[in-house]
Undergrad: 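Okay, here's the structure, questions in a sec.
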Amino acid sequence: MSGDHLFTFRVGYAGRSLEIRVGRTAAMVAASVLGVLFVLLTQGIYDIRDNISKLHELRALRERVSEQNLSLYHLDAKFEGLSAEVERLRAMDNRIRSLVMANDSLRKNSSRGVGGAETPEVSAANRLDKLLDLKFDRMKKELLVDVNDLDVLGETLDSRRLLLESVPGGWPVRGILSSVFGVRISPFTQTPVFHHGLDIVAQTGAPVLASASGVVVKSGYEAQYGNVVVVDHGAGYRSVYAHMSSSSVEEGAFVNRGEEVGKVGSTGRSTGPHLHYEVRVNGLPVNPARFLN
């Protein structure tokens with residue numbers, strides 16, 4: 001190494017070697033180029049890592065937005081369901097009001113095929129009339145919900161649904177009312193008595209259907225009721241089907257709403273083919289006409 005040359009390289013072998021000399025200026029230029037390339041490469045690596053991080057953040061934001069959209073969809077569906085339940089409760093209230101108004105007209109029907117349990121008019125009127133109306137009004141108020149308070153409505157819908165499913169509904173047999181719930185002249189003693197249910201005249205052998213789902217707690221014969229079936233629907237509700245020619249279910253069996261429990265007949269204390277139908281709430285008989293469609 002001499003003069004302005006900084007490095008001298010020999011490439012090859014003796015007799016055919018090539019000598020390469022690198023000066024100070026060339027070395028400095030090469031070092032500067034390598035330095036610039038190193039800086040650019042380092043900056044590029046940082047930019048790539050930064051872009052990858054931003055891509056991950058963007059993907060996370062998109063997933064969060066998607067989850068929020070799904071939550072909004074579920075909330076909208078829940079609100080629609082609550083609105084439908086409110087309308088169903090309003091329809092139930094209108095149905096109850098119409099049945100109460102129809103009670104007076106039901107009392108004017110003719111008397112054929114009557115029977116069932118009776119109690120003296122004075123004691124029965126004092127013990128049942130006002131008490132049953134009070135209990136029914138209280139139950140009706142419990143069914144009504146403040147439609148403006150959706151939070152309260154959402155918390156009570158499940159319990160209200162169970163209650164409504166336990167309430168008897170519809171006619172247990174298609175026929176003609178011959179005796180309604182309340183005070184009547186006994187066809188056996190010709191004295192005022194209190195009739196605990198409805199007498200529905202129908203053809204012998206006509207199917208008798210359960211007015212709500214429940215468990216059969218009695219299926220047998222009684223002197224006054226004849227062949228009788230009692231179904232417990234839960235929430236304090238029971239239905240009674242009496243004077244049947246035969247029963248179709250056994251005690252302990254579960255029956256669905258509309259399932260046959262027996263056939264119309266005239267067994268027990270009866271003057272002709274008919275069904276004696278009762279609805280009891282917490283052990284007390286109530287007017288079954290309030291639950292007919």
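Here the structure is a predicted model, which means the values were calculated and not measured.
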Undergrad: Can you list the steps and then say if Lys263 with Met244 is a side-chain contact (heavy atoms from CB on, under 4.5 Å)?
TA: CA-CA 5 Å; Lys263 305 285 188 182; Met244 296 187 296; 5.7 Å; no

Undergrad: Salt-bridge test for Glu57 and Arg59: reply yes if a basic N is under 4.0 Å from a carboxylate O, no otherwise.
TA: no

Undergrad: Parallel, tilted or perpendicular for Phe291 and Tyr237, by the 30°/60° rule?
TA: perpendicular

Undergrad: Can you see which heavy atom on Val173 is nearest to which on Pro207, and at what distance?
TA: CG2-O, 3.6 Å

Undergrad: Please report the interatomic distance CZ(Arg269) to CZ(Phe188), rounded to the nearest 0.5 Å.
TA: 5.0 Å

Undergrad: Apply side-chain contact (heavy atoms from CB on, under 4.5 Å) to Val228 and Lys218, showing your working.
TA: CA-CA 7 Å; Val228 59; Lys218 183 176 183 59; 4.0 Å; yes

Undergrad: Linking I/L/V/M/F/W/Y whenever any side-chain heavy atoms sit under 4.5 Å apart, do Val281 and Val167 land together?
TA: yes

Undergrad: Would you say that more than 12 heavy atoms from the other residues, nucleotides or ligands in this model lie under 6.0 Å from the CD of Gln203, or not?
TA: no

Undergrad: So which heavy atom on Ser211 is nearest to which on His233, and how close?
TA: OG-NE2, 4.3 Å

Undergrad: Heavy-atom count around Glu250 CD within 6.0 Å, excluding the residue itself: above 12?
TA: no

Undergrad: To the closest 0.5 Å, what do you measure between CG (Asn227) and OG (Ser248)?
TA: 10.5 Å

Undergrad: If I compare all heavy atoms of Tyr277 with all of Pro168, which pair ends up nearest, and what's the gap?
TA: OH-CB, 3.7 Å

Undergrad: Do Ser245 side-chain atoms and Val264 backbone N/O form a donor-acceptor pair below 3.5 Å?
TA: yes

Undergrad: For the CG atom of Asp199 and the NE2 atom of His276, what is their distance to the nearest 0.5 Å?
TA: 6.5 Å

Undergrad: Given side chains that start at C-beta, do those of Ser247 and Tyr241 come closer than 4.5 Å, heavy atoms only?
TA: no

Undergrad: Sequence neighbours excluded and cut-off under 3.5 Å, please list the side-chain donor-acceptor pairs for residues 34-43, or say none.
TA:
residue : atom : partner : partner atom : Å
Thr42   : OG1  : Phe38   : O            : 2.8
Gln43   : NE2  : Asp47   : OD1          : 3.2

Undergrad: So, applying side-chain contact (heavy atoms from CB on, under 4.5 Å) with Ser239, which one of Val261, Val231, Val229, Val230 is it?
TA: Val231

Undergrad: For residues Val217 and Val240: do they belong to one hydrophobic cluster (side chain heavy atoms under 4.5 Å, members Ile, Leu, Val, Met, Phe, Trp, Tyr)?
TA: yes

Undergrad: Tell me the closest heavy-atom pair linking Gly170 and Leu292, and the distance in Å.
TA: O-CD2, 3.4 Å

Undergrad: Going by heavy atoms in the side chains, are Tyr225 and Ser270 under 4.5 Å from each other?
TA: no

Undergrad: How far apart are the closest heavy atoms of Ala210 and Val255, and which atoms are they?
TA: CB-CG2, 4.1 Å

Undergrad: Nearest 0.5 Å, please: how far is CG in Leu198 from CH2 in Trp171?
TA: 7.5 Å

Undergrad: Begin from the C-alpha positions of Arg238 and Val279 and carry the test side-chain contact (heavy atoms from CB on, under 4.5 Å) through to its verdict.
TA: CA-CA 6 Å; Arg238 287 191 176 190; Val279 174; over 6 Å; no

Undergrad: Indicate yes or no for a side-chain donor-acceptor contact from Ser219 to the backbone of Glu251 under 3.5 Å, with no hydrogens or angles considered.
TA: no

Undergrad: Looking at OG of Ser266 and CG of Leu275, how far apart are the two atoms once the value is rounded to the nearest 0.5 Å?
TA: 11.5 Å

Undergrad: Relative to Phe194, does Arg184 satisfy both conditions: NZ or CZ under 6.0 angstrom from the six-membered ring centre, and within 45 degrees of the ring's axis?
TA: no

Undergrad: List the residues meeting side-chain contact (heavy atoms from CB on, under 4.5 Å) with Arg257, not counting sequence neighbours, and say none if there are none.
TA: Ala212, Ser213

Undergrad: What's the spacing between His274 NE2 and His243 NE2 if we round to 0.5 Å?
TA: 4.0 Å

